[in-house]
Structure formats: C-alpha cells, structure tokens
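Notes to accompany the following structure.
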Amino acid sequence: MAVLKRRVPMHSLRYFLSMVGLFSKPGLLPWYARNPPGWSKLFLGTVCKGDFTHVIATKYRKGQKSLKKSSHLGPLDGSWQERLADVVTPLWRLSYEEQLKVKFEAQKKILQRLESYIQMLNGVDVTMAVPKSERLSCLLQPIIPSPVINGYRNKSTFSVNRGPDGNPKTVGYYLGTWRDGNIVCVQSNHLKNIPEKHSQVAQYYEVFLRQSPMEPCLIFHEGGYWRELIVRTNSQGHTMAIITFHPQELSQEELHDQKEIVKEFFIKGPGAACDLTSLYFQESTMTRCSHQQSPFQLLFGEPYIFEELLSLKIRISPDAFFQINTAGAEMLFRTVGELAGVNSDTILLDICCGTGVIGLSLAQHTSQVLGIELVEQAVEDARWTAAFNGITNSEFHTGRAEKILPGLLKSKEDGQSIVAVVNPARAGLHYKVVQAIRNCRAIRRLVFVSCKLHGETTRNVIELCCPLNPAKKLLGEPFVLQQAVPVDLFPHTPHCELVLLFTR
C-alpha cells in the first residue's frame with residue numbers, strides 16, 4: 001500500500017511533539033511519571049529500559065510513604081541519603097562507562113525524533129511514529145566524557161527547610177514537592193557531584209543557623225529571615241559564599257547587626273574553618289533576585305573569583321553564569337570552537353554569552369567577536385576578561401537578545417560572513433532571536449549548545465530547519481543539521497550538553 005504523502009503544518013507541532021515525547025507538558029510526556037514525584041524531569045525511561053531505572057523508581061516509591069506532612073520524620077539515615085541521591089544523581093549506581101552509554105542512546109533517540117519531524121515538514125515520506133531505522137541524517141559523534149567524574153560542581157545552591165528530624169534549620173537539598181506539601185530538606189554531603197568544600201560550607205551555615213535566634217524563611221508570607229546558600233569555587237580552591245536573607249520588617253540597624261554576626265562567624269568563629277575567599281549577603285524578598293534588583297553586598301574578601309581556562313584568565317561575579325563543570329566546560333568550548341570553523345574574515349556572534357569565554361577563546365582566529373548577554377555583571381566580567389587578556393576585537397552588549405540582535409545584525413549587513421553560537425538557558429531562545437538568525441543571510445553556520453533539547457529548545461531547532469513560513473516570519477533559507485556532539489558535563493545525572501552544527 002502506498003504511503004500517504006503529507007506536509008505537516010506548523011500548527012500541529014504540539015501534537016507531534018506530544019506523540020514522540022518532545023513537548024514538556026504534564027500528561028503529554030511518556031516519561032512524565034506521576035509516580036514517583038521528583039522523577040518528572042527524567043526522560044530515561046523511554047530511551048533506555050535498563051534495570052537501573054526500575055531499581056531507582058521502585059526504591060523511591062517504597063520510600064514515598066515516609067514523605068507525609070509531619071514535624072518529625074525520623075533521623076537522617078542511609079535511606080534518606082539514598083533517596084536524595086536517586087533524585088539528584090539518578091545514575092550514581094552505574095559505572096561511568098554505563099552512564100555514558102545511557103546518555104548517548106538518549107541523545108540519539110531525541111535526534112531521531114527531531115529529524116523525523118523536520119523530514120515531515122519538508123515533505124519526506126514518514127509516518128507519525130518514530131521510524132524503525134536507527135540511522136541519522138546528521139553525523140552523531142561519540143560522547144565526550146567529563147575529565148572529572150566526582151565533586152565536579154563549581155557552584156551549588158543549598159536550601160533551608162525542615163529536615164527528617166523536623167528541625168527547620170536544616171541546610172541541604174529538597175525531597176518531595178511544594179504542591180504535595182511534603183518537602184524535606186536532606187543534607188547533601190553524600191552526593192557524588194558535590195565537592196567536599198561546598199558540603200563543608202553548607203554544614204557550617206547550618207551550625208550558624210542553629211545558634212542564631214533568627215528563624216529561617218521557609219515560606220515568604222509566614223515570616224522568617226535566613227534563606228538559601230550559594231557556594232562557588234574555582235580550580236585553585238578559592239571559595240565564594242552567598243547568603244540570601246529576607247529582611248521582613250527589620251530596620252537598617254538590625255540588618256547591619258545580622259550582617260556583622262554572620263561575618264564574625266565565618267571570619268573568627270567556627271565558620272573560619274571554611275577559609276572563605278569572600279562572603280556575600282543579599283537581601284531578597286523574592287525567590288530569585290538579580291544584582292540589579294537587590295545588590296550583592298560584599299561582607300568581606302575578594303569581590304570576584306577567577307578561573308584559568310583555554311589560556312584565558314576569566315573573572316566570575318556572584319551571579320554570572322559559568323558552566324558548573326570547569327574541566328568539562330573546557331572540553332565543551334573546544335568542541336564549539338572546532339565546529340564553528342571561524343577564520344580571519346569571520347564575525348563570531350556569541351548569543352547568551354555569559355562571561356564571554358567561547359567568543360574570547362576564538363577571538364584570535366576571527367575578525368570580531370560580538371557577545372550578547374542578559375546579566376549585566378556577566379558582561380562586565382567579559383569586558384574585564386577581554387581587557388586583561390589583551391583582546392581588542394570584542395564587543396559585548398547587555399540586554400535581552402530578542403531586543404538587541406535584530407538591530408545588531410542590520411548594522412553588520414556588509415557582506416561579511418557571520419558564524420553564530422547560541423548557548424541559551426533551558427527555556428531556549430526567544431522566537432524573535434530565531435527569526436533574526438534565520439532571516440540573516442550572512443549567517444551560514446550556526447552552533448547551538450543545549451543541555452535540554454526538549455520543549456521550547458526543540459521548537460527553536462525546528463523553526464531553524466523548517467521550510468519558509470511567512471506567517472511566522474521565517475523567510476530565510478532553512479538550516480540543515482549536519483553534526484551533533486554530546487559532551488558530558490553532568491556525571492551521575494541524566495543530563496548532557498549537546499552541541500549541534502547547522503549550515504546552509
């Protein structure tokens with residue numbers, strides 16, 4: 001029987017993504033498990049039927065009955081720690097070699113489904129089901145392993161809430177969900193991805209909280225003051241700690257007293273054992289505050305930490321984005337540089353550039369580097385890094401990419417070739433950014449870095465590759481996915497960076 005030829009309209013994207021498991025919406029994803037809670041973001045169940053998923057999910061479900069509303073849930077024992085490890089680092093029971101196999105197959109499955117839909121948009125004879133053939137049109141390279149497997153995180157965020165023993169001044173990671181009202185905060189010093197220094201600072205922060213008469217802020221409208229802790233470290237062992245504090249109705253004098261008390265604890269008190277390079281304090285009345293919304297206040301020490309990467313000295317501010325695995329980031333950036341293929345006649349456009357490392361590492365090979373980044377402090381870091389390293393052909397812009405990029409591209413329409421690199425947050429690119437890239441004829445080569453090729457990021461890729469669509473203002477020649485390189489920056493977790501090369 002002849003196969004029906006059909007061109008799938010773009011309005012059916014949501015339906016297709018729900019069919020193949022690429023649209024992140026509760027109830028649509030085959031891997032969106034309602035049981036157990038905390039497993040909802042993991043897609044491995046659909047791409048690998050290995051025993052570890054069954055073991056982990058079963059173990060978590062067995063412990064689920066313990067997560068009831070209670071002021072006292074029992075002592076912190078191995079079961080709580082294992083439960084937390086199964087949620088935060090669900091691959092920890094596997095050897096690293098087995099983890100890489102799981103991740104590679106997951107990326108392969110995602111690419112197969114993505115290519116299937118793009119082929120349908122271009123009128124290729126395929127069915128709505130995932131094709132039986134495992135062949136990919138693009139070249140999928142072997143996964144690049146992380147040089148560091150344990151304790152690789154250079155940034156950790158610790159929450160404050162009730163622990164298994166009911167103490168509200170427990171510092172760690174959450175089990176349970178706010179929706180179900182069964183949040184438990186479990187100390188995280190046993191997690192394989194957390195370095196000892198981060199756990200040490202978290203433990204001493206807990207000591208400080210338990211001797212402080214000021215209550216923690218568990219729920220904003222219920223009062224309390226002490227909130228989360230962020231710890232950042234570099235490869236030289238320098239440590240920056242950032243304490244978040246809800247000021248409630250405290251006077252400036254009372255706030256000053258609390259800052260002096262916590263400062264004294266970490267300089268001359270028990271916390272001095274942490275040997276902090278710097279301590280920041282942020283007054284925050286919201287879940288997250290940027291430096292512009294509520295400035296980071298330096299209580300003592302150096303205002304920045306620095307990192308050595310790709311022959312560059314890089315400055316990192318308290319809230320600047322930097323890949324959480326420094327050694328892995330170097331592998332990632334080298335991969336991006338190889339795929340970018342820039343030369344002395346090329347402009348390198350680095351969108352969502354963070355501290356500017358990718359662009360600055362390639363500056364000597366290109367005519368100009370243009371970076372766009374939302375976080376003002378990160379742009380200041382990029383400019384400092386450029387100046388310190390003697391790089392004079394870079395230019396960084398602060399603001400939303402969707403507002404800056406269209407005008408920036410128009411100013412560069414002089415026939416010079418542009419290579420674009422995008423490394424967006426998990427939410428993906430704004431549709432206006434995709435439009436601007438697609439409609440700029442000077443961009444013939446695009447490197448897209450994604451740690452979550454689901455939801456909006458999937459839509460980004462599809463709109464870069466779909467046929468011309470005047471209704472969506474996608475008027476430029478479509479890109480073609482040529483190559484994909486998985487780079488593991490997150491051992492013991494199902495996550496993986498995927499570097500995609502598009503050309504046209």
Side-chain angles (χ1 to χ4, degrees), residues 3-29 110-131 137-138 349 351-352 372 374 399-413 418-450 452-482 500-504:
V3 178
L4 177 64
K5 295 184 179 181
R6 60 181 299 180
R7 184 178 295 274
V8 180
M10 287 301 292
H11 69 258
S12 66
L13 176 60
R14 175 182 293 270
Y15 175 71
F16 174 82
L17 294 180
S18 68
M19 291 289 290
V20 299
L22 286 171
F23 200 80
S24 297
K25 183 176 180 180
L28 289 180
L29 292 181
I110 289 171
L111 287 170
Q112 286 171 347
R113 292 172 171 175
L114 187 59
E115 283 193 349
S116 174
Y117 188 75
I118 293 172
Q119 288 169 0
M120 282 190 289
L121 290 176
N122 286 281
V124 177
D125 293 344
V126 294
T127 64
M128 290 300 292
V130 177
S137 299
C138 71
L349 178 62
I351 304 170
C352 308
I372 303 174
L374 176 63
R400 295 189 177 278
E402 61 268 25
K403 293 184 178 180
I404 295 173
L405 184 60
L408 187 62
L409 289 176
K410 284 183 180 180
S411 70
K412 300 297 178 181
E413 286 183 346
I418 300 175
V419 173
V421 174
V422 296
N423 186 13
R426 292 188 176 186
L429 295 171
H430 192 280
Y431 74 94
K432 288 186 177 179
V433 176
V434 176
Q435 287 177 355
I437 293 172
R438 176 73 185 262
N439 297 338
C440 178
R441 288 177 294 178
I443 300 177
R444 311 297 299 177
R445 199 172 183 92
L446 168 67
V447 181
F448 196 117
V449 183
S450 174
K452 183 187 177 185
L453 198 56
H454 304 147
E456 194 61 32
T457 307
T458 302
R459 188 183 297 275
N460 292 160
V461 172
I462 289 172
E463 291 182 344
L464 287 167
C465 299
C466 70
L468 273 65
N469 190 326
K472 287 182 171 286
K473 299 181 180 178
L474 301 173
L475 306 177
E477 180 185 351
F479 284 91
V480 176
L481 176 57
Q482 298 284 2
L500 305 173
L501 171 65
F502 298 90
T503 61
R504 62 177 177 178

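Keep in mind it's a predicted model, so treat the numbers as computed, not measured.
- For Pro470 against Leu475, the heavy-atom pair with the smallest separation is CA-CD2, 3.7 Å.
- Here Thr457 contributes atom OG1 and Leu429 contributes atom CG; the two are 7.5 Å apart, rounded to the nearest 0.5 Å.
- Note that NZ of Lys410 and CG of Leu408 are 12.0 Å apart. Values are rounded to the nearest 0.5 Å.
- Nearest heavy-atom pair, Ala427 versus Glu456, reported as atom, atom and distance to 0.1 Å: O-CB, 3.1 Å.
- At least one side-chain heavy atom of Ser137 sits under 4.5 Å from a side-chain heavy atom of Gln119.
- Val422 places none of its side-chain heavy atoms less than 4.5 Å from the side chain of Asn460.
- Screening Leu446, Ile443, Val480 for a side-chain contact (heavy atoms from CB on, under 4.5 Å) with Phe502, the sole residue that qualifies is Leu446.
- Scanning all heavy atoms of the two residues, the minimum distance from Leu453 to Thr458 falls at O-OG1, 3.2 Å.
- A distance of 12.5 Å separates CZ in Arg441 from CG in Leu409, rounded to the nearest 0.5 Å.
- A pairwise comparison of heavy atoms in Arg504 and Ile437 identifies NH2-O, 3.3 Å as the closest pair.
- Remark: Lys403 NZ to Ile372 CD1 distance equals 13.5 Å, nearest 0.5 Å.
- Rounding to the nearest 0.5 Å gives a distance of 12.5 Å between CG of Leu464 and CZ of Arg459.
- Counting only heavy atoms from C-beta outward, the side chains of Leu111 and Leu500 approach each other to under 4.5 Å.
- The shortest non-hydrogen separation linking Cys352 to Pro424 is SG-CA, 3.9 Å.
- Panel note: side chain Asn469, backbone Leu474; no donor-acceptor pair is recorded below 3.5 Å.
- Separation of atoms CD (Glu463) and CD (Gln435) is listed at 8.0 Å; rounding is to 0.5 Å.
- The closest donor-acceptor contact from the side chain of Arg445 to the backbone of Val419 lies at 3.5 Å or more, if one exists at all.
- Summarising the geometry of Leu481 relative to Cys138, their closest heavy-atom pair is O-CB, 3.5 Å, with the distance given to 0.1 Å.
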